[in-house]
Structures are given as structure tokens and as C-alpha cells.
Amino acid sequence: MTNAENSKIPPSFEAMLKFSQAYAKRTGTFFCIDTSVTAVVIEGLAKHKDEYGAPLCPCRHYDDKTEEVSSTYWNCPCVPMRERRECHCMLFLPSDNEFAGSNQLIDIDVLLNSIV
């Protein structure tokens, strides 16, 4: 990727990717075998971080996102993930999950090409 193309990547997207990779390694979880799922979730986390100041789970409906961010329950990693290793977004999957890939690291170009 050229410097010009790289500069178009929002810093929040890169930050969420780095966080996701570190968290997957730390928890022994893996990204979805379908990279478009991983890409969309990371993109959603980044957008919420930019808009609300926290990476609110992008896979849920909220009546009031600001209120949800302040409660911190659905901020990634959400309470279900931290307590029971249950990721509704399919970002962090145990190795025995049928949708789990084998990657805890993923190239940013692969993700960006997966976003439709």
C-alpha cells in the first residue's frame, strides 16, 4: 500500500485492528474464517470509537448509543466476551467454533479489500 493510500485509513481503524489482534492472541481466540465479517466488525468498532469515544459493539441495536457507551457493558470487549468468551459479533471465536479461522493476525489490506 502506498503512503497516499495508507493515509486514507482512519487511525481508529488501525487502532481497532491492533487491539483486536492483541486481544485474540491474549484470549486464544481466532478471527472468523470469512474476513468480511472481521472487517465489518472492526470498521464498526472504529466508527463507534470515533463517534462516541468507545468501541461499542456494532452488532447490536441500541435505543441510545451514548447511554450504552457510558454503561460500558457492550464496549468491546463486552461483558459476555470477558466473562464467558461469547462474542456475538463473531470477532473473537474459540478454535472449536465452526466459523473460526486460524488467524489471530490479519493484514490490514485484506480487511480493507473485504469491506464492501
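Heavy-atom basis, side chains included; hydrogens, waters and symmetry copies ignored. For reference, positions follow the sequence shown, starting with 1.
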- Test side chain to side chain contact (heavy atoms under 4.5 Å, CB included) applied to Gln104 and Thr29, step by step: CA-CA 7 Å; Gln104 293 176 317; Thr29 55; 5.7 Å; no
- Message: Show every ring pair (Phe, Tyr, Trp, His ring centres under 6.0 Å) that has at least one partner inside residues 30-49, sequence neighbours left out.
- Response: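 Output for this query lists His48-Tyr52.
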- Pairs flagged by ring pair (Phe, Tyr, Trp, His ring centres under 6.0 Å) wherever residues 87-110 is involved - sequence neighbours left out: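 Ring pair (Phe, Tyr, Trp, His ring centres under 6.0 Å) check on residues 87-110 returns Tyr23-Phe92.
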Closest heavy-atom pair and its distance - [X], [Y]:
X: Ser114; Y: Thr35; answer: OG-OG1, 2.9 Å
X: Ala100; Y: Ser95; answer: CB-O, 4.2 Å
X: Met81; Y: Thr27; answer: CE-OG1, 4.4 Å
X: Leu45; Y: Cys76; answer: CD2-CB, 3.6 Å
X: Cys89; Y: Val37; answer: O-CG1, 3.8 Å
X: Leu56; Y: Glu68; answer: CD1-CB, 4.0 Å

- Message: Under a 4.0 Å threshold between the charged nitrogen and the carboxylate oxygen, would Lys47 count as salt-bridged to Glu43?
- Response: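 So Glu43 pairs with Lys47 through a salt bridge.
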[atom1] of [X] to [atom2] of [Y]: how many Å apart, nearest 0.5 Å?
X: Lys65; Y: His61; atom1: NZ; atom2: NE2; value: 9.0 Å
X: Ile33; Y: Ser36; atom1: CD1; atom2: OG; value: 11.5 Å
X: Leu91; Y: Met16; atom1: CG; atom2: CE; value: 10.0 Å
X: Glu83; Y: Cys78; atom1: CD; atom2: SG; value: 9.5 Å
X: Asn75; Y: Ser70; atom1: CG; atom2: OG; value: 8.5 Å

Donor-acceptor pair, distance only, cut-off 3.5 Å: does the side chain of [X] make one with the backbone of [Y]?
X: Asn97; Y: Leu93; value: no
X: Tyr62; Y: Val69; value: no
X: Asn103; Y: Ile106; value: no

Side chains of [X] and [Y], heavy atoms from C-beta outward: is any pair under 4.5 Å?
X: Pro58; Y: Val41; value: yes
X: Pro55; Y: Phe19; value: no
X: Glu14; Y: Leu17; value: no

- Message: Is there a side chain to side chain contact (heavy atoms under 4.5 Å, CB included) between Leu111 and Phe13? Walk through the geometry before answering.
- Response: CA-CA 10 Å; Leu111 290 182; Phe13 187 90; 4.1 Å; yes
- Message: Using the side chain to side chain donor-acceptor pair (under 3.5 Å) criterion, which residues pair with Asp96? Sequence neighbours excluded.
- Response: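 Once residues adjacent in sequence are excluded, Asp96 has no partner under the side chain to side chain donor-acceptor pair (under 3.5 Å) criterion.
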